[in-house]
Amino acid sequence: KQEVTQIPAALSVPEGENLVLNCSFTDSAIYNLQWFRQDPGKGLTSLLLIQSSQREQTSGRLNASLDKSSGRSTLYIAASQPGDSATYLCAVPRGGATNKLIFGTGTLLAVQP
Amino acid sequence: GAGVSQSPSNKVTEKGKDVELRCDPISGHTALYWYRQSLGQGLEFLIYFQGNSAPDKSGLPSDRFSAERTGGSVSTLTIQRTQQEDSAVYLCASSLAGIQETQYFGPGTRLLVL
């Protein structure tokens, strides 16, 4: 059974710092991995989707990496800003060729001005 | 264009009552998903609709939960005889067909069962 965990559970950094969020999964046979952002009281916003054949995806100040063999992904945020404060969730498909997602436990990020 | 919308945004009900939650997906999206987000369980998959295929109900926690999708568009999630443990945020998402397609989430319905 696929399990997805995220470390740390919470993180507070001063504005301008670079930071890394971690995601690990137990079954490496995944088709892709996605990173989402959730603002308080809101739904989820997709940030990056890495396909299993890729090792990295970049969007602006965000860079996500994927190492299937070790069951790990990282989300790197450069030059953090207070507007980056949110909960970050990673997710993988729930077994086989499906888009039903299993979500990680989330990292609550606070960027202090 | 409009995103995924859900109604109501908040719902308070008494234990034992039935509730209906509505999801309007993005126009043209053939795939629709329901998830539940609760403090104890995190974000869990509930049910998945794809086109005219039979829905995948493998994530529904009990037979008190059911969902319909009429005309391949709007979906309704129904919880019968609500229990306090049903209190959660119910999120709907839609996407184009295909495993690599991004899911777009609605703002959710916050359900509180007293």
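Quick caveat, the model's predicted, so the values are computed rather than measured. Residue numbering restarts at 1 for every chain, and letters A, B, ... go by the order of the sequence lines.
- With chain A as partner, the option from B:Gly42, B:Ser9, B:Pro107, B:Ala93 having the largest number of non-hydrogen pairs under 4.5 angstrom is B:Pro107.
- For the residue pair A:Gln2 / A:Thr26, a side-chain donor-acceptor distance below 3.5 Å is found, with atom types taken as modelled.
- At distances below 3.5 Å, not a single donor-acceptor pair connects side-chain atoms of B:Thr76 with backbone N or O atoms of B:Glu68.
- With a 4.5 Å cut-off on non-hydrogen atoms, B:Tyr104 does not touch chain A at all.
- When heavy atoms are compared at a cutoff of 4.5 Å, A:Leu44 approaches chain B by way of both its backbone and its side chain.
- Between the side chain of A:Ser73 and the backbone N or O of A:Ser65 there is at least one donor-acceptor pair closer than 3.5 Å.
- With a 4.5 Å cut-off on non-hydrogen atoms, B:Leu91 touches chain A through its side chain but not through its backbone.
- At a 4.5 Å heavy-atom cutoff, the contact between B:Gln103 and chain A is made by backbone and side-chain atoms alike.
- Chain A forms more heavy-atom pairs under 4.5 Å with one residue of B:Ser95, B:Ser58, B:Ala31 than with any other, namely B:Ser58.
- A donor-acceptor pair is defined here as one N or O able to donate and one able to accept, closer than 3.5 Å; such a pair exists between the side chain of B:Thr82 and the backbone of B:Lys17.
- The list of disulfide (SG to SG under 2.5 Å) pairs with a residue in residues 81-114 of chain B, not counting sequence neighbours, reads B:Cys23-B:Cys92.
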